[in-house]
Amino acid sequence: MNGYLAFVKKEFTENMKNYRFLIMLSVFLIFGMMSAFLAKFTPEILSALAAEMKMRAEPVALDAWKQFYKNISGVGFSAVIILYGSCLSGEYSKGTLVLMVTKGLSRRAVILAKYTAAAVLMTISYWGSYALTYGYTAFLWSDTKLSNVALAALALWILGFLYLSILMVGCVLFEQTFTSILFTGGMVAVISLLGIIGPLARFSPFHLTTQNIDLISGIAAPSDLIMPVLTSMIISILGLLVAIRLFNTKAL
């Protein structure tokens, strides 16, 4: 336990020094600020650029959340994967893991510590972005009465842990950053494709990226997210266990 806590502290310190956290936080906060403003002022910008272009309806608060979920589920989580795709490759190249493991640090602690640091920093960035979107949406629209806004955000946040667990497997299997990222993208694509198979569709974790707006607008019920959330949590746990098992047998 002491080894795990010490390695977690080391990971947090390293993420601050190499600006990984600062970059990720900046990306998420920018999207948090942009989502509401883009939804509110894009029609005016388009009208100014092309006078004949008319928007069919005035933007509403729901449009801001559409922008938020689109940005975070796409570019936001992609940034997380890219930034943490090198979380083990740097250790491999410098040979630091050999020294730490020979001094008694368990291999399981290495994986859990790296996952913990990535998950905590991703969480701070994600909810910071959410808070900005919520605040600017309330500022720009007087009528923001939408249902289950926090619950919809919670569901998408859970999907972030799934991405990180798959990435950890890729980082253990491959020593090159690009290959780890490519592996993660491939596995995400496979899981997504499995979700279009009839009997499996209701379990697909990627419903968490598409049903957010339906949930907020009242079209979908909170119970519709139960199975995708459970599937995401199960895959996240399994991915982490697989990463630990593979790392235990990997030559350093």
| For the residue pair Q211 and L225, what are the closest heavy atoms and their distance? | OE1-CD2, 3.3 Å
| note | Heavy-atom closest pair (S73 atom, T209 atom, distance to 0.1 Å) is CB-CG2, 4.0 Å
Do any side-chain atoms of residues 189-208 form donor-acceptor pairs under 3.5 angstrom with protein atoms, and if so which ones, sequence neighbours left out?
residue, atom, partner, partner atom, Å
S204, OG, F206, N, 3.3
H207, NE2, A201, O, 2.6

| field | Cluster overlap I235 with I244, hydrophobic side-chain contacts below 4.5 Å | value | yes
| Between F139 and M33, is there a shared hydrophobic cluster once you connect ILVMFWY residues whose side-chain heavy atoms come closer than 4.5 Å? | yes
[X] side chain near [Y] side chain, heavy-atom distance below 4.5 Å:
| X | Y | answer |
| --- | --- | --- |
| S125 | L29 | no |
| M122 | Y84 | no |
| V110 | F7 | yes |

| request: Count the heavy atoms of every other residue, nucleotide or ligand shown that sit under 6.0 Å from CE of M233, and state whether that count exceeds 12. | output: no
To the nearest 0.5 Å, how far apart are [atom1] in [X] and [atom2] in [Y]?
| X | Y | atom1 | atom2 | result |
| --- | --- | --- | --- | --- |
| M227 | L230 | CE | CG | 5.5 Å |
| N18 | M16 | CG | CE | 10.0 Å |
| S35 | I72 | OG | CD1 | 6.5 Å |
| L25 | N15 | CG | CG | 12.0 Å |
| I82 | F77 | CD1 | CZ | 13.5 Å |

If you look only at distance, which donor and acceptor atoms sit under 3.5 Å apart when one is on a side chain in residues 152-177 and the other is two or more places apart or in another chain?
residue, atom, partner, partner atom, Å
W157, NE1, T123, OG1, 3.0
S165, OG, L162, O, 2.8
T177, OG1, S89, OG, 2.9

| request: Give every residue pair that meets the side-chain hydrogen bond (donor to acceptor under 3.5 Å, both in side chains) criterion with at least one member in residues 215-242, sequence neighbours excluded. | output: none
| query | Which one of Y136, F31, W141 satisfies the ring pair (Phe, Tyr, Trp, His ring centres under 6.0 Å) criterion with F37? | reply | Y136
| task | For F28 and V80, run side chain to side chain contact (heavy atoms under 4.5 Å, CB included): C-alpha distance rounded to whole Å, both residues' side-chain angles, the deciding distance at 0.1 Å, then the answer. | result | CA-CA 10 Å; F28 274 76; V80 173; 3.7 Å; yes
Who pairs with [X] by side chain to side chain contact (heavy atoms under 4.5 Å, CB included), at least two apart in sequence or on another chain?
| X | value |
| --- | --- |
| Y134 | W65, Y130, V149 |
| I124 | F21, V120, L121 |
| N148 | L151, L215, P222 |
| K66 | L62, D63, I213 |

| Can you name the ring pair (Phe, Tyr, Trp, His ring centres under 6.0 Å) partners of Y4, sequence neighbours left out? | none
| field | Pair listing, salt bridge (Lys or Arg N to Asp or Glu O under 4.0 Å) test, anchored in residues 9-18, at least two apart | value | K10-E14, K10-E91, E11-K114
| field | side-chain hydrogen bond (donor to acceptor under 3.5 Å, both in side chains) partners for Y115, two or more places apart | value | none
| Check: L83 main-chain N/O paired with R20 side-chain donor or acceptor under 3.5 Å | yes
| message | With a 3.5 Å distance limit and no angle check, can you tell me whether R107 reaches the backbone of F247 through a side-chain donor-acceptor pair? | response | yes
| note | Apart from I234 itself, members of its ILVMFWY cluster (side-chain separation under 4.5 Å) are L238
| ILVMFWY clustering at 4.5 Å (side-chain atoms), partners of L182 | F178
